[in-house]
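The structure under discussion appears below in the form of structure tokens.
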Amino acid sequence: MKLEELKTPCYVIDEGRLTDNLKILSGVKERTGCSILLAQKAFSCFAEYPLIGKYIDGTTASGLYEARLGKEEMGLSNHVFAPAYKEADFEELTKICDHIVFNSFSQLKKYKDCLKGVKAGIRINPQCSTQDGHAIYDPCAPGSRLGVTRDQFEEEYLPYISGLHFHTLCEQNADALKTTLDAVEDQFGEYFNRLSWINMGGGHHITRADYDLELLESCIRRIQDRYGLHVYLEPGEAVALNAGYLVTEVLDVVDNGIKTLILDASAACHMPDVLEMPYRPPLKDSGEPGEKGYTYRLSSCTCLAGDVIGDYSFDHEILPGDKLYFMDMAIYSMVKNNTFNGIPLPSIAVMDENGECRIIKEFGYEDFKNRLS
């Protein structure tokens with residue numbers, strides 16, 4: 001079936017664009033020799049793992065369940081980082097992961113004798129913020145719980161680790177990486193010759209049209225050539241950037257001073273980052289408020305008064321029954337959605353390079369009910 005024939009709401013993964021992203025990432029790998037991992041926290045639709053695994057080296061996880069998914073469904077290099085690990089989970093993690101990164105030396109001390117040959121690392125915090133206005137996503141913000149600062153680094157435990165990990169970026173270009181890498185090298189570079197790898201984390205928007213690939217690759221080569229370290233990158237968004245849609249139907253039009261479209265998709269339920277960041281998701285064939293002839297506020301059928309997606313304009317009047325297509329909906333949507341108000345979860349479809357769609361997952365009442373008992 002075609003995109004416009006899908007029942008709504010429905011997420012649609014665009015395999016053509018996903019493949020384009022993967023080819024860019026594969027090119028970075030080939031030109032530098034680094035390893036690239038999928039950060040599953042952004043995209044964990046494992047139906048696409050066989051495709052993704054053809055181009056990159058494996059997965060990285062934020063806990064046991066993601067680590068298990070990466071092992072079961074991609075089966076390549078499998079890394080995990082968590083701010084702390086539960087004792088009940090750790091033995092299984094050592095069986096399914098080849099890298100385990102610790103957030104503190106206290107966690108390393110607790111588990112160092114249980115690693116069973118797994119490569120261990122420490123997450124570091126270079127206290128170098130490159131973000132502006134998004135403190136919720138800034139691991140280098142004052143008081144951050146993420147990573148060991150230079151003054152907390154316990155050099156005597158270096159024999160128990162083989163690498164360092166830093167993750168400080170969010171949707172940024174390579175200039176932010178260079179700034180961060182300068183700070184990392186300045187503060188922690190004295191330890192590099194005693195290690196074998198460094199993980200530069202995620203937040204690199206590598207597949208964005210304006211991304212500076214040349215600068216990224218020079219940063220990778222600089223660390224490899226100067227210290228002989230193997231470099232890992234773990235992008236999440238960059239893997240599936242602009243490779244998905246959320247298809248929704250207009251249920252009603254309400255005018256209480258603002259013309260508002262009531263949709264069967266919800267910011268609160270189906271794209272929570274709209275309220276958390278906040279941000280205004282791109283919408284096919286729309287413009288800024290007032291840019292086109294018909295301006296509407298887009299909202300949902302939940303009872304949350306603030307469940308508002310944003311204001312958009314169109315070339316023509318929008319009526320009940322019309323379908324709208326939110327873009328860049330493969331990332332942080334399916335992994336964060338919920339069933340608040342009993343709102344159904346969107347189905348998940350895949351669109352091939354010829355525009356043909358197939359449903360890979362549908363949800364119903366039982367998916368709502370069984371979460372609660």
| said: Determine whether Met271 and Ile309 satisfy the following criterion, side-chain contact (heavy atoms from CB on, under 4.5 Å), listing intermediate values before the conclusion. | reply: CA-CA 9 Å; Met271 35 184 162; Ile309 300 162; 3.6 Å; yes
Tell me if a side-chain donor or acceptor on [X] pairs with a main-chain N or O of [Y] at a distance below 3.5 Å.
{"X": "Tyr160", "Y": "Leu108", "value": "no"}
{"X": "Asn173", "Y": "Asp212", "value": "yes"}
{"X": "Thr295", "Y": "Ser313", "value": "no"}
{"X": "Asp264", "Y": "Thr248", "value": "no"}
{"X": "Ser129", "Y": "Cys140", "value": "yes"}
{"X": "Gln172", "Y": "Thr130", "value": "yes"}
{"X": "Asp322", "Y": "Leu319", "value": "yes"}
{"X": "Ser347", "Y": "Cys10", "value": "no"}

- Using side-chain contact (heavy atoms from CB on, under 4.5 Å) as the criterion, point out the one residue from Pro281, Pro282, Pro289 that pairs with Tyr312.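 Output: one option passes, namely Pro281.
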Less than 4.5 Å apart, side chain to side chain, heavy atoms only: is that true for [X] and [Y]?
{"X": "Ile223", "Y": "Ile220", "result": "no"}
{"X": "Leu298", "Y": "Leu283", "result": "yes"}
{"X": "Val250", "Y": "Leu263", "result": "yes"}

| query | With Arg150, which residues qualify under side chain to side chain donor-acceptor pair (under 3.5 Å), at least two apart? | reply |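 Expected list: Glu190, Tyr191.
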- Message: List the residues meeting side chain to side chain donor-acceptor pair (under 3.5 Å) with His270, not counting sequence neighbours, and say none if there are none.
- Response: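 Applying side chain to side chain donor-acceptor pair (under 3.5 Å) to His270 gives none.
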Between [X] and [Y], which heavy-atom pair has the shortest distance, and what is it?
{"X": "Tyr55", "Y": "Leu51", "result": "CD1-O, 3.4 Å"}
{"X": "Phe192", "Y": "Leu229", "result": "O-CD2, 3.6 Å"}
{"X": "Lys2", "Y": "Cys357", "result": "C-SG, 4.1 Å"}
{"X": "Ile331", "Y": "Asp328", "result": "CD1-OD1, 3.6 Å"}
{"X": "Leu169", "Y": "Ala176", "result": "CD2-CB, 3.8 Å"}
{"X": "Ile206", "Y": "Ile24", "result": "O-CG2, 4.0 Å"}

Just to verify, what does [X] make a side chain to side chain contact (heavy atoms under 4.5 Å, CB included) with, not counting sequence neighbours?
{"X": "Thr260", "value": "Ile258, Ile262, Arg297, Ser299"}
{"X": "Thr302", "value": "Ser266, Cys269, Ser300, Leu304, Asp307, Phe340, Asn341, Ile343"}
{"X": "Glu156", "value": "Glu154"}
{"X": "Lys95", "value": "Glu91"}

Measure the [atom1]-[atom2] distance between [X] and [Y] for me, rounded to the nearest 0.5 Å.
{"X": "Arg280", "Y": "Ser286", "atom1": "CZ", "atom2": "OG", "value": "5.5 Å"}
{"X": "Asp315", "Y": "Tyr294", "atom1": "CG", "atom2": "OH", "value": "9.5 Å"}
{"X": "Lys336", "Y": "Asn338", "atom1": "NZ", "atom2": "CG", "value": "10.5 Å"}
{"X": "Leu6", "Y": "Tyr325", "atom1": "CG", "atom2": "OH", "value": "8.0 Å"}
{"X": "Glu5", "Y": "Glu356", "atom1": "CD", "atom2": "CD", "value": "8.0 Å"}
{"X": "Arg145", "Y": "Asn103", "atom1": "CZ", "atom2": "CG", "value": "8.0 Å"}

List, one per line, each side-chain donor-acceptor pair under 3.5 Å for residues 360-373, sequence neighbours excluded.
{"unit_1": "Asp367", "atom_1": "OD2", "unit_2": "Gly364", "atom_2": "N", "d": "2.8"}
{"unit_1": "Asn370", "atom_1": "ND2", "unit_2": "Glu366", "atom_2": "O", "d": "3.2"}
{"unit_1": "Arg371", "atom_1": "NH1", "unit_2": "Thr339", "atom_2": "OG1", "d": "3.2"}

N-O pairing of [X] and [Y] below 4.0 Å:
{"X": "Lys259", "Y": "Glu317", "answer": "no"}
{"X": "Glu92", "Y": "Arg68", "answer": "yes"}
{"X": "Glu234", "Y": "Lys41", "answer": "no"}

Apply side-chain contact (heavy atoms from CB on, under 4.5 Å) to Ile96 and Leu64, showing your working.
CA-CA 9 Å; Ile96 62 178; Leu64 177 60; 4.2 Å; yes
Requested in this report: With sequence neighbours excluded, tell me which residues meet ring pair (Phe, Tyr, Trp, His ring centres under 6.0 Å) with Phe105.
Outcome: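 For Phe105 the ring pair (Phe, Tyr, Trp, His ring centres under 6.0 Å) partners, ignoring immediate neighbours, are Phe153.
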Margin query: Applying ring pair (Phe, Tyr, Trp, His ring centres under 6.0 Å), can you list everything that pairs with Tyr111, at least two apart in sequence or on another chain?
Written below: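 Ring pair (Phe, Tyr, Trp, His ring centres under 6.0 Å) check on Tyr111 returns Phe90.
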- Among Lys23, Lys29, Glu30, the one residue meeting side chain to side chain donor-acceptor pair (under 3.5 Å) with Ser26: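 For Ser26, the side chain to side chain donor-acceptor pair (under 3.5 Å) test succeeds with only one of Lys23, Lys29, Glu30, which is Glu30.
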Would you say Tyr279 ends up clustered with Leu241 if hydrophobic residues are merged whenever their side chains have heavy atoms under 4.5 Å apart, either directly or through other cluster members?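 Shared cluster, no.
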For this session: Show the numbers, then the answer: is there a side-chain contact (heavy atoms from CB on, under 4.5 Å) between Leu164 and Val184?
Result: CA-CA 10 Å; Leu164 299 177; Val184 167; 5.8 Å; no
* How about Tyr65 and Gln40: does a side-chain donor come under 3.5 Å of a side-chain acceptor? ->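 There is no such pair (donor and acceptor under 3.5 Å, judged by atom type) between the side chains of Tyr65 and Gln40.
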Measure the acute angle between the ring planes of Tyr232 and His230, then classify it against the limits of 30° and 60° as parallel, tilted or perpendicular.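 Ring orientation, 0 to 90° scale: perpendicular.
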Taking the inter-plane angle between the rings of Trp197 and His99 on a 0 to 90° scale, is it parallel (under 30°), tilted (30 to 60°) or perpendicular (over 60°)?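 Trp197 and His99: perpendicular rings.
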Can you confirm whether more than 12 heavy atoms, excluding those of [X], are under 6.0 Å from its [atom1] atom?
{"X": "Asn256", "atom1": "CG", "value": "no"}
{"X": "Lys86", "atom1": "NZ", "value": "no"}
{"X": "Tyr211", "atom1": "OH", "value": "yes"}

Under the side chain to side chain donor-acceptor pair (under 3.5 Å) rule, what do Gln107 and Ser104 come out as? Steps first, then yes or no, please.
CA-CA 5 Å; Gln107 283 275 290; Ser104 67; 5.5 Å; no
Show every donor-acceptor pair shorter than 3.5 Å between a side-chain atom in residues 69-77 and any protein atom, with sequence neighbours excluded, or say none if there are none.
{"unit_1": "Ser77", "atom_1": "OG", "unit_2": "His79", "atom_2": "NE2", "d": "3.1"}
{"unit_1": "Ser77", "atom_1": "OG", "unit_2": "Asp98", "atom_2": "OD1", "d": "3.2"}

Can I get a per-line list of side-chain donor-acceptor pairs under 3.5 Å for residues 113-125, giving both atom names and the distance, sequence neighbours left out?
{"unit_1": "Arg123", "atom_1": "NH2", "unit_2": "His167", "atom_2": "O", "d": "2.9"}
{"unit_1": "Asn125", "atom_1": "OD1", "unit_2": "Gln127", "atom_2": "N", "d": "2.8"}

Check your understanding: Can you name the salt bridge (Lys or Arg N to Asp or Glu O under 4.0 Å) partners of Glu87, sequence neighbours left out?
Key ->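 Residues passing salt bridge (Lys or Arg N to Asp or Glu O under 4.0 Å) with Glu87: Lys110.
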